[in-house]
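See structure below.
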Number of protein chains: 2
Amino acid sequence: MNPLAFYKCLADDTRLQSLLLLADGRQLCVCELMDALQLSQPKVSRHLAELRECGIVQGERRGRWVYYCLAPGLPDWAREVLLTTAAAAPGYLKTARRRLAASTCTPA
Amino acid sequence: MNPLAFYKCLADDTRLQSLLLLADGRQLCVCELMDALQLSQPKVSRHLAELRECGIVQGERRGRWVYYCLAPGLPDWAREVLLTTAAAAPGYLKTARRRLAASTCTPA
DNA sequence: TATCAATATACGAAAATTCATATATATGGA
DNA sequence: TCCATATATATGAATTTTCGTATATTGATA
């Protein structure tokens with residue numbers, strides 16, 4: 001993982017919030033991220049595609065839903081950066097976390 | 001320090017390399033960074049100004065030279081991110097470090 | 001197979017970023 | 001005071017990024 005490519009991916013609000021929500025190992029589907037961040041479907045999908053192409057996240061289809069999580073091959077240092085940031089800046093994610101908890105888009 | 005603003009600053013090659021060279025607490029003057037990164041003076045200066053305005057680095061004039069270091073007020077998590085990255089991606093900085101060691105622009 | 005729900009992609013416009021070049025400022029020494 | 005060196009800033013052009021909208025794809029279900 002090239003550090004510059006990695007940080008370019010973190011340099012956008014949609015991508016950074018998405019990644020920090022995934023930092024603890026959770027899986028989230030696209031519609032949950034749409035709810036959490038209150039953004040349009042194409043916007044979320046497009047940014048996830050970029051993260052996927054960079055090898056930072058991985059998408060797995062289950063039925064109609066695609067669940068995203070950090071890519072298994074993501075280097076430890078990158079994972080650590082995400083965890084450190086999520087822990088240090090709780091305010092940045094507060095609203096998204098609240099909305100995610102209230103989301104009802106996902107089955108089961 | 002807003003995480004998004006911080007990562008936007010890391011999302012450029014000039015700024016990222018400069019920051020990683022400063023991550024261990026070193027002080028470097030503009031001309032040393034010019035040598036290390038082989039970039040024009042205005043380019044280095046402009047990027048340092050951006051980092052300064054974001055509160056990530058601090059410049060201190062000594063004679064004709066301005067020495068830059070990480071800002072004292074930089075949060076620990078941000079400092080940690082820089083150190084983690086520098087340690088994990090030595091290859092990214094290899095050339096810059098070699099050129100920095102060979103630089104003769106600075107007095108004493 | 002027709003349809004709906006969830007997600008992905010294509011495309012041009014708009015916005016943000018970066019750069020080279022020129023110029024300005026600040027400092028020390030002749 | 002005049003000059004050279006080190007650094008900073010301004011400006012417009014070029015590049016990159018982001019976005020909204022429209023459309024395509026995929027899987028489940030009727």
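The chains referred to below are lettered A, B, ... by the order of the sequence lines, with proteins before strands, and numbering in each begins at 1.
Between Y67(A) atom OH and dT7(C) atom C1' there is a gap of 13 Å when expressed in whole angstrom units.
Remark: Y7(B) pairs with Y7(A) by the ring-ring contact (aromatic ring centres under 6.0 Å, His included) rule, at least two apart or across chains. Remark: R61(A) engages V66(A) in a side-chain contact (heavy atoms from CB on, under 4.5 Å) (not counting sequence neighbours). Annotation: side chain to side chain donor-acceptor pair (under 3.5 Å) contacts of R46(B) (sequence neighbours excluded): none. For the ring-ring contact (aromatic ring centres under 6.0 Å, His included) test, residues two or more places apart in sequence or in another chain that qualify with W77(B) are F6(B). The side chain to side chain donor-acceptor pair (under 3.5 Å) search around R98(B) returns none, not counting sequence neighbours. By the side chain to side chain donor-acceptor pair (under 3.5 Å) test, Q38(B) pairs with R99(B), sequence neighbours left out. With sequence neighbours left out, the salt bridge (Lys or Arg N to Asp or Glu O under 4.0 Å) criterion links E80(A) to no other residue.
For the segment residues 6-43 of chain A, the set of residues with a heavy atom within less than 4.0 Å of an atom of DNA chain D comprises K8(A), D12(A), R15(A), P42(A), K43(A), in numerical order.
At least one side-chain heavy atom of L10(A) sits under 4.5 Å from a side-chain heavy atom of L82(A).
Rounded to 10 degrees, the angle separating the terminal axes of the helix from dT1(C)-dA30(D) to dA30(C)-dT1(D) is 10°, with each axis obtained from five end pairs.
Side chain to side chain, S18(B) and Y68(B) fail the donor-acceptor criterion of an N or O pair below 3.5 Å. Side-chain contact of T85(B) with Y92(B): a donor-acceptor pair under 3.5 Å is absent, judged by distance alone.
When DNA chain D is scanned 5' to 3' for any atom under 4.0 Å from a heavy atom of chain A, the first and last hits are dT17(D) to dT29(D).
Taking side-chain N and O atoms only, H47(B) has no distance below 4.0 Å to OP1 or OP2 of dT17(C).
Checked by atom type and distance alone, the side chain of R15(A) pairs as donor or acceptor with a backbone atom of K8(A) at under 3.5 Å.
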Distance-only criterion, 3.5 Å: show the donor-acceptor pairs between side-chain atoms of residues 23-36 of chain A and protein atoms not counting sequence neighbours.
{"unit_1": "D24(A)", "atom_1": "OD1", "unit_2": "R26(A)", "atom_2": "N", "d": "3.1"}
{"unit_1": "Q27(A)", "atom_1": "OE1", "unit_2": "R62(A)", "atom_2": "NH1", "d": "3.3"}
{"unit_1": "Q27(A)", "atom_1": "OE1", "unit_2": "R62(A)", "atom_2": "NH2", "d": "3.1"}
{"unit_1": "E32(A)", "atom_1": "OE1", "unit_2": "C29(A)", "atom_2": "N", "d": "2.9"}
{"unit_1": "D35(A)", "atom_1": "OD2", "unit_2": "S103(A)", "atom_2": "OG", "d": "2.7"}

Distances for protein N or O near nucleotides 26-30 of chain C N or O, under 3.5 Å:
none

